[in-house]
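Have a look at the structure below, then the notes.
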Amino acid sequence: MPVKRAKAWLLLGLYRLLSLGLTPFWLVLLLVRLAKAKEDPRRLGERLGWPSRRRPAGPLLWFHAASVGELNSLLPVLRALDQGVGAPVLLVTTVTRTSAALADRVLPPAAIHQFVPIDHWLALLPFRCYWRPCLGVLAEAELWPELVQAMPHLHLINARMSQRSYLRHRRFPVYAGWLLARVEVCLAQSQDDAERFRRLGARDVRALGSTKLDADLPPVNSVHLELVQQVFAGRSVLLLASSHAGEERQWIEAWVENKLTQRPFGLLLAPRHPQRAQEVLAQARELGLSAALWSDLAGGGLAPNPDVLVADVIGEMGTWISAAAVVVMGGSFYPQGRALGGQNPLEPVALGRPVLCGPDMANFSDLLEPLLSAGCLQQCADVAAALAAALPLLVQPLPQRRGEGLRLRGPSQLLASLLLKQCRSSSAAEECR
């Protein structure tokens, strides 16, 4: 047995022994998450590897996406695969309740959604035995040891590796090599990402781009859009989209310091995780602003001209973007000192809105240059600079031209063809029996 293979089995064995010893911890963690409403009590069994849906006959492709952003990035590929007679069964797993709620609305009709089991071999073993996937596809970089082991003929798509993550993996090269040895094909978002994966030992690495480029325009609810416009009573709106903890406070404080409540402007905050909406609402009121939740307004409790509207639902980002004069991308201003890499700017760009972001857009480094060059995106050093850049756009909003924004082409059709070919190959078909 080669030395590398022996090391891989040794590491896997050690990880499984550790997991076995920590089984009570895993269960307590699930209960804590359940108490914090981070788990769905009706589907908790799925997190332990117990299926809640029947497995259809035929070859099955297993896709895993951690949360909302990764799930949205998979949709163009899933739709390309879910076509015609003989299409494979599509199983999609996610982690968060938010992504599960979104999956119910946006997945192709034939696709099956399940919560991914915890990263414990006693949970993933029955999961794999029941679903019998012939191919596993991981979106971006969700590299958990047992998950990686459970996914056959593993493909990484939209794979990204920031410089920070790369340096962290370099400290444990044996561990990184062990994980990446299970990856048969690594399809990176950019040449820089591809080079970092190669240096860590990944095989068959290609810079194919991101399937996020092929996403549909986000839907706009015209009734809800009209209601948002009524709430702000004709004021120009700044949207902070997909913000993280700490980021909303940065913008609320800047809003107050610049006395923008005295001008005909409104602030629309859309946290990446809507369950944080009450926390954001409290922050705005604590700083002296009048604030309201979207769900309260939509339910008929229309407040007169609040300074701040907090979005607390998913699936309405197209509506929020359409209501805004300028969109600021969350996750890009180092909230609470954390480097999060920024959120996807393609939706507001495609909807023709001016877009601003902070200094940290590492997750979209391959898109920055074309978007900046086309004048669709403006990168700012901090919140103060971004607010200064936003003010002229709030004073004199640009007309929205839905669908006339910059559209870049992604690799979804090519990727679907590659996956379908692999699924139908003799080795994959044998595993499905």
Side-chain angles (χ1 to χ4, degrees), residues 40 42-43 45-47 49-117 127-128 130-140 142 151-152 155 157-158 210-224 274 313-319 344 346-347 350 403 410-424 428-429 432:
D40 186 339
R42 300 165 301 174
R43 301 176 63 180
E46 294 174 29
R47 298 286 273 146
W50 303 335
S52 62
R53 297 278 300 276
R54 184 182 63 83
R55 187 206 190 281
L60 182 145
L61 270 66
W62 173 15
F63 290 81
H64 177 67
S67 191
V68 170
E70 294 84 357
L71 177 61
N72 280 326
S73 75
L74 289 178
L75 291 179
V77 182
L78 295 171
R79 289 168 182 159
L81 286 166
D82 187 41
Q83 294 177 1
V85 179
V89 180
L90 302 177
L91 172 67
V92 181
T93 58
T94 64
V95 177
T96 66
R97 294 187 71 175
T98 306
S99 57
L102 180 65
D104 289 340
R105 296 205 307 269
V106 301
L107 286 181
I112 300 169
H113 174 265
Q114 297 279 274
F115 281 106
V116 72
F127 179 90
R128 180 173 176 177
Y130 179 82
W131 291 107
R132 305 187 313 281
C134 63
L135 187 71
V137 182
L138 276 176
E140 300 197 13
E142 186 76 358
M151 300 190 94
H155 286 53
I157 69 169
N158 297 335
S210 173
T211 59
K212 293 176 181 177
L213 298 171
D214 297 317
D216 295 335
L217 289 176
V220 177
N221 186 312
S222 58
V223 174
H224 291 172
V313 296
I314 62 171
E316 292 275 13
M317 187 56 73
T319 304
N344 185 4
L346 291 173
E347 288 185 341
S412 297
Q413 287 291 339
L414 173 60
L415 183 54
S417 298
L418 290 173
L419 295 176
L420 196 57
K421 181 178 179 181
Q422 177 64 41
C423 183
R424 289 173 175 169
C432 291

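In what follows, residues are counted from 1 in the order of the sequence shown.
With sequence neighbours excluded, the residues forming a side chain to side chain contact (heavy atoms under 4.5 Å, CB included) with P76 are D214, S412, listed by chain and number. Partners of R79 by side-chain hydrogen bond (donor to acceptor under 3.5 Å, both in side chains), not counting sequence neighbours, listed by chain and number: D216. Partners of H155 under the ring-ring contact (aromatic ring centres under 6.0 Å, His included) rule, at least two apart in sequence or in another chain, do not exist in this structure. Partners of R54 by salt bridge (charged side-chain N to carboxylate O under 4.0 Å, His left out), not counting sequence neighbours: none found. Residues that satisfy the salt bridge (charged side-chain N to carboxylate O under 4.0 Å, His left out) test with E347, not counting sequence neighbours, are absent from this structure. Here R43 pairs with E46 under the salt bridge (charged side-chain N to carboxylate O under 4.0 Å, His left out) rule; sequence neighbours left out.
Considering all non-hydrogen atoms of both residues, I314 and A101 come closest at CD1-CB, 3.7 Å. Nearest approach of N221 to V223, heavy atoms of both residues: OD1-N, 3.0 Å. Here the closest heavy-atom approach between residue A416 and residue L81 is recorded as O-CD2, 3.5 Å. Considering every non-hydrogen atom in both P51 and Q114, the closest pair reads CA-OE1, 3.5 Å. The two atoms that bring P152 and P133 nearest to each other are CG-O, 3.3 Å, heavy atoms only. Across every non-hydrogen atom of P411 and S210, the tightest pair is CD-O, 3.2 Å.
Screening V116, L61, L78, I112 for a side chain to side chain contact (heavy atoms under 4.5 Å, CB included) with V92, the sole residue that qualifies is L78. Partner S67 forms a side chain to side chain donor-acceptor pair (under 3.5 Å) with one of N72, T98, T96 and no other, that one being T96.
When side chains are defined from C-beta on, L60 does not count as touching L90, because their heavy atoms never get closer than 4.5 Å. Inter-residue side-chain proximity for P109 and D82 is flagged as met; some heavy-atom pair is nearer than 4.5 Å. Residues F63 and L419 are in side-chain contact: their nearest non-hydrogen atoms beyond the backbone lie under 4.5 Å apart. Taking the side chain as every heavy atom from C-beta outward, V68 and T94 never approach each other to under 4.5 Å.
In this pair, F115 and H113 present their aromatic rings perpendicular. The plane angle is above 60°, beyond the 30 to 60° band.
To the nearest 0.5 angstrom, L91 atom CG is 12.0 Å from L135 atom CG. The line from NE2 of H224 to OG1 of T319 is 7.5 Å long, rounded to the nearest 0.5 Å. The CG atom of L418 sits 4.5 Å away from the CG atom of L414 when rounded to the nearest 0.5 Å.
No donor-acceptor pair closer than 3.5 Å links the side chain of R132 to the backbone N or O of R55. One N or O on the side chain of N158 and one on the backbone of T211 form a donor-acceptor pair closer than 3.5 Å. Looking only at distances, no side-chain donor or acceptor of Y130 sits under 3.5 Å from a matching main-chain atom of G49.
R105 CZ: more than 12 foreign heavy atoms inside a 6.0 Å radius.
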Subject >> Trace of the side-chain contact (heavy atoms from CB on, under 4.5 Å) decision for V95 with H64 >> reply: CA-CA 9 Å; V95 177; H64 177 67; 3.9 Å; yes
